[in-house]
Amino acid sequence: MSHIPHPAWIEVDLVQFRRNLSLLKNRIGSCRFCLPIKANGYGHGLIPIAHAAQEAGVDFLAVSCLQEGLSVRTSGISLPILVFGGIHEEQIPLCIEHNLDLSVSSLLKAQLIATASEIMHKRCRVHLKIDTGMRRIGVRPSSALALHQWVSSNKFLEIIGIYSHLATSEQPDHPFAIAQIEQFQKLRQEIGPGYLWHLANSGGVAFYPNSYFDMVRPGLLAYGQFLGQHIHPDIRPCLTLKSKISYFKVVSPQEGIGYGHTYRTTAQSRIVTLSIGYGDGYLRALSNRGEVLLRGKRYPIVGNICMDQCMVNIGQGEAYVGDEVVLIGTQNTETISLEEVARQAGSIPHEILTLWNERLPRKYTP
Ligand SMILES: *Cc1c(COP(=O)(O)O)cnc(C)c1O
């Protein structure tokens with residue numbers, strides 16, 4: 001569909017993306033690299049990201065659910081694909097059929113997977129999920145040995161990995177993250193190596209080198225966001241959100257703009273309208289807060305963001321209908337970072353990335 005002209009779009013620089021992956025691989029050394037591509041590859045586009053990652057030599061991909069795993073597998077990806085989420089009984093047969101690695105987060109789930117595998121006469125690759133403090137899915141460390149024993153003695157299940165997830169790793173030196181790493185290390189000593197032990201998300205990779213174990217799973221960082229520069233100055237965002245000016249007008253002082261007139265001009269102003277709104281995933285919370293780049297300068301979003309359009313006050317600045325506008329990313333020497341937008345919207349970078357919908361075409365370079 002991306003050949004149909006549309007006045008708002010996302011540009012993904014796959015050269016920069018592969019550079020990020022290769023810089024991260026240098027950082028982790030001999031440790032394996034699992035790239036999370038859940039939620040449409042963090043908004044960058046599931047299939048193109050999966051293929052770029054496979055070319056760049058990552059070892060594993062991770063998705064959240066069967067639906068994503070199936071799309072990736074049937075697109076011709078041969079890498080192992082781990083499904084992070086707590087699996088539901090009805091999803092298990094298709095996961096096994098398409099060689100997806102499943103997370104075993106309880107004895108009951110292990111039994112369900114084993115039963116389905118037996119019926120299908122096919123072994124299922126699994127990763128045991130231990131809850132060391134996230135309190136989301138996974139067995140308590142005190143039940144890990146028993147789970148390991150049950151699963152390892154079942155001939156329809158093959159343990160590939162054992163993993164856990166950090167709850168507070170986005171801050172360096174956090175005592176809870178340190179405790180989780182120690183807990184995980186202790187379990188590894190009890191159960192033994194011989195599996196892929198994996199724990200580190202982006203925060204782990206950036207701030208906790210002793211969380212690497214046998215494999216790391218950095219998401220946001222791999223897309224060059226947030227903690228990237230902390231590791232290497234050349235790890236950079238690979239995504240730009242753009243739109244175009246659809247309309248230009250001059251508005252007198254003291255006039256209200258948009259629904260509810262939440263903004264009033266103070267002086268005679270040039271107001272331009274952009275073809276993007278909250279219906280595309282550009283959050284309404286950015287109304288009267290967000291900024292955009294136009295001809296290399298920053299200008300404010302004024303009034304409430306509409307479903308499909310929004311307005312920008314360019315004061316006495318210059319702009320023409322058809323001009324390209326950057327909402328997230330760099331234009332000339334100015335940058336609006338994803339972090340900045342997330343802060344203005346009262347959100348986090350992960351959420352902003354995953355709200356953009358199908359209406360916004362993705363354009364890939366090269
Ligand atoms: C999403 C996710 C990650 C990646 O998290 P980032 O913060 O993007 O690095 C790693 N592991 C699990 C289990 C996840 O769900």
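Sequential numbering from 1 along the given sequence is applied to the chain's residues. Read the numbers this way: they start at 1 and go in the same order the structure lists the ligands and their atoms. What you are looking at is a predicted structure, and each value in this text was computed from that prediction instead of being measured.
- For ligand 1, the atoms sitting less than 4.0 Å from at least one non-hydrogen atom of Pro36 are 4 (C), numbered in the order shown with element in parentheses.
- The N/O atoms of Tyr163, backbone and side chain alike, include none that comes under 3.5 Å of an N/O atom in ligand 1.
- Counting protein heavy atoms only, atom 15 (O) of ligand 1 is closest to Lys38 NZ, 2.6 Å.
- Using a 4.0 Å cut-off to heavy atoms of Arg136, the atoms of ligand 1 that qualify are 13 (C), 15 (O).
- Among the atoms of Leu220, some N or O lies under 3.5 angstrom from an N or O of ligand 1.
- Remark: the His165 side chain and the Arg217 side chain contain an N/O donor-acceptor pair separated by less than 3.5 Å.
- Atom 7 (O) of ligand 1 has its closest protein heavy atom at His350 NE2, 3.0 Å.
- Of the charged side-chain nitrogens involved, at least one lies within less than 4.0 Å of a carboxylate oxygen, so that Arg298 and Glu334 count as a salt-bridged pair.
- With Tyr263 as the fixed residue, the side-chain hydrogen bond (donor to acceptor under 3.5 Å, both in side chains) test singles out one of Asn288, Asn304, Asn313: Asn313.
- Checking Tyr195 against His148 by side-chain atom types alone, a donor-acceptor pair falls below 3.5 Å.
- Distances from ligand 1 to the non-hydrogen atoms of Gln225 include no value under 4.0 Å.
- Any N or O atom pair closer than 3.5 Å counts here, and Asn201 shares no such pair with ligand 1.
- With a 4.0 Å cut-off on non-hydrogen atoms, Ser202 touches ligand 1 through its backbone as well as its side chain.
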